[in-house]
Student: 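Here it is, the structure, as structure tokens.
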2 protein chains.
Amino acid sequence: MLHDPAQLDLMFQALADPARRQMVDRLSRGPASVSQLAEPLAMSLSAVVQHLNVLEASGLVRTQKVGRVRTCQIEPKALRAAEHWINERRLAWERRLDRLGDFLAESE
Amino acid sequence: MLHDPAQLDLMFQALADPARRQMVDRLSRGPASVSQLAEPLAMSLSAVVQHLNVLEASGLVRTQKVGRVRTCQIEPKALRAAEHWINERRLAWERRLDRLGDFLAESE
DNA sequence: TCAACACTGAAGCATTTACTTAACTATTGC
DNA sequence: GCAATAGTTAAGTAAATGCTTCAGTGTTGA
């Protein structure tokens with residue numbers, strides 16, 4: 001579910017925008033309402049809602065509305081999926097370098 | 001240098017495109033020329049070069065030209081920087097959850 | 001020397017993105 | 001009830017993105 005390429009696509013796309021990363025950063029310190037998320041951002045509330053929708057569609061953020069306030073929180077599983085994608089590629093590269101080093105050492 | 005927000009911006013932007021992630025994936029298995037990178041992709045060589053320029057500007061990929069072939073490789077430091085950004089936010093969230101759990105347990 | 005090769009760069013174009021404003025809905029507190 | 005609050009939705013727009021084609025440049029091997 002989380003490793004499906006389409007979802008990964010949405011996640012990396014979501015993280016590509018600085019405003020959305022700032023929102024994720026804010027949420028990493030605890031849940032927040034839409035207005036709280038908007039407060040440090042130099043844009044209309046409407047724009048923030050649109051960013052939030054992108055984040056929610058990507059699975060990085062989960063929200064629930066109680067009364068008139070929508071409370072947002074991070075979905076750590078999704079963050080972990082993105083992290084994992086990068087990590088695997090980096091490790092593959094580094095393992096390759098290690099093997100290469102071993103090979104060169106042996107052929108001394 | 002690597003934690004500067006502008007660079008982080010370029011990296012996440014670069015990773016947002018599926019073709020570019022495919023290129024990074026390919027490079028994680030070892031260096032490749034531009035044509036080798038292009039081979040599995042359903043687009044012109046020119047388009048691949050443009051993607052490659054984005055990857056290089058982001059610092060995720062380093063290239064060097066020898067004769068007429070440009071050889072590309074991953075820059076693991078840059079991958080690590082992106083990984084680190086995500087990891088820090090996720091950990092902040094999870095630590096917060098832990099503290100909350102402790103608090104609830106104590107107030108029993 | 002010259003044709004094939006491996007790119008490179010510029011121009012153009014369709015689509016997507018990141019906003020804006022404005023009009024609207026649903027809650028809440030008094 | 002009614003005004004303020006909190007968010008939503010739609011429409012429009014300017015800029016960015018992801019391609020394309022085409023016309024190059026420099027390199028290599030026969």
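The chains referred to below are lettered A, B, ... by the order of the sequence lines, with proteins before strands, and numbering in each begins at 1. What's counted below: heavy atoms across the whole structure, side chains too, no hydrogens, waters or symmetry copies.
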Student: Can you see which heavy atom on Thr63(B) is nearest to which on Cys72(B), and at what distance?
Tutor: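 That closest heavy-atom pairing would be CG2-SG, 3.8 Å.
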Student: So, for Ser58(A) and Leu10(A), which heavy atoms are closest and what is the spacing to 0.1 Å?
Tutor: CB-O, 3.5 Å
Student: Got Arg70(A) and Glu56(A) here, is their nearest side-chain heavy-atom distance under 4.5 Å?
Tutor: yes
Student: Can you measure Met23(B) atom CE to dG18(D) atom P for me and round it to whole angstrom units?
Tutor: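 Rounded to whole Å, this separation is 12 Å.
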Student: What closest approach, in Å, do Pro31(B) and Gln36(B) show between heavy atoms, and which atom pair accounts for it?
Tutor: O-OE1, 4.5 Å
Student: Taking only the side-chain nitrogens and oxygens of Lys65(B), find out if one of them lies under 4.0 Å from OP1 or OP2 of dG26(D).
Tutor: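 No.
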Student: Centre of Trp93(A)'s six-membered ring, under 6.0 Å away, within 45 degrees of the axis: is that where NZ or CZ of Arg90(A) sits?
Tutor: no
Student: If you assign Ser35(B) and Asp17(A) each to the DNA chain C nucleotide with the nearest heavy atom, which residue ends up on the more 5' nucleotide?
Tutor: Ser35(B)
Student: Quick check: on DNA chain C, is the nucleotide nearest Arg68(B) upstream (toward 5') of the one nearest Ala19(A), or the reverse? Name the residue that is more 5'.
Tutor: Arg68(B)
Student: In whole angstrom, what separates Leu52(A)'s CG from dT8(D)'s C1'?
Tutor: 11 Å
Student: Base, sugar-phosphate, or nothing: which does Gln13(A) touch, judged by heavy atoms less than 4.0 Å apart?
Tutor: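 Answer is sugar-phosphate: Gln13(A) comes under 4.0 Å of backbone atoms only.
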Student: Less than 4.5 Å apart, any side-chain heavy atom of Trp85(B) and any of Met11(B)?
Tutor: no
Student: Under 4.0 Å, counting only non-hydrogen atoms across every strand here, what does Ser46(B) touch: a base, just sugar-phosphate, or nothing?
Tutor: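 Base contact.
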Student: Round to the nearest Å and state the distance from Leu41(B) atom CG to dC19(D) atom P.
Tutor: 9 Å
Student: Rounded to whole Å, how long is the line connecting atom CD of Gln36(A) with atom C1' of dT5(D)?
Tutor: 14 Å
Student: What is the distance, to the nearest angstrom, from the CG atom on Leu10(B) to the P atom on dA16(D)?
Tutor: 14 Å
Student: Contact boundaries of DNA chain C with chain A (under 4.0 Å, heavy atoms), 5' to 3'?
Tutor: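 With heavy atoms of chain A under 4.0 Å away, the range is dT17(C) to dT28(C).
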Student: In the structure I gave you, are the side-chain heavy atoms of Val61(B) and Leu52(B) within less than 4.5 Å of one another anywhere?
Tutor: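 Yes, side chains in contact.
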Student: To 10°, what angle do the rotation axes through the five end pairs on each side of the helix from dT1(C)-dA30(D) to dC30(C)-dG1(D) form?
Tutor: 30°
Student: Is any N or O donor-acceptor pair between the side chain of Gln50(B) and the base of dT20(D) shorter than 3.5 Å?
Tutor: yes
Student: Do Leu15(B) and Ile86(A) have side chains that approach each other closer than 4.5 Å (heavy atoms only, starting at C-beta)?
Tutor: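 Side chain of Leu15(B) against side chain of Ile86(A), heavy atoms only: contact under 4.5 Å found.
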Student: Distance check needed: dC19(D) C1' versus His51(B) NE2, whole Å only.
Tutor: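 Computing the His51(B):NE2 to dC19(D):C1' distance gives 8 Å.
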Student: Contact between His51(A) and Gln22(A) at the side-chain level, heavy atoms closer than 4.5 Å - yes or no?
Tutor: no
Student: Arg21(B) has an atom CZ; how far is it from atom C1' of dT17(D), in whole Å?
Tutor: 16 Å
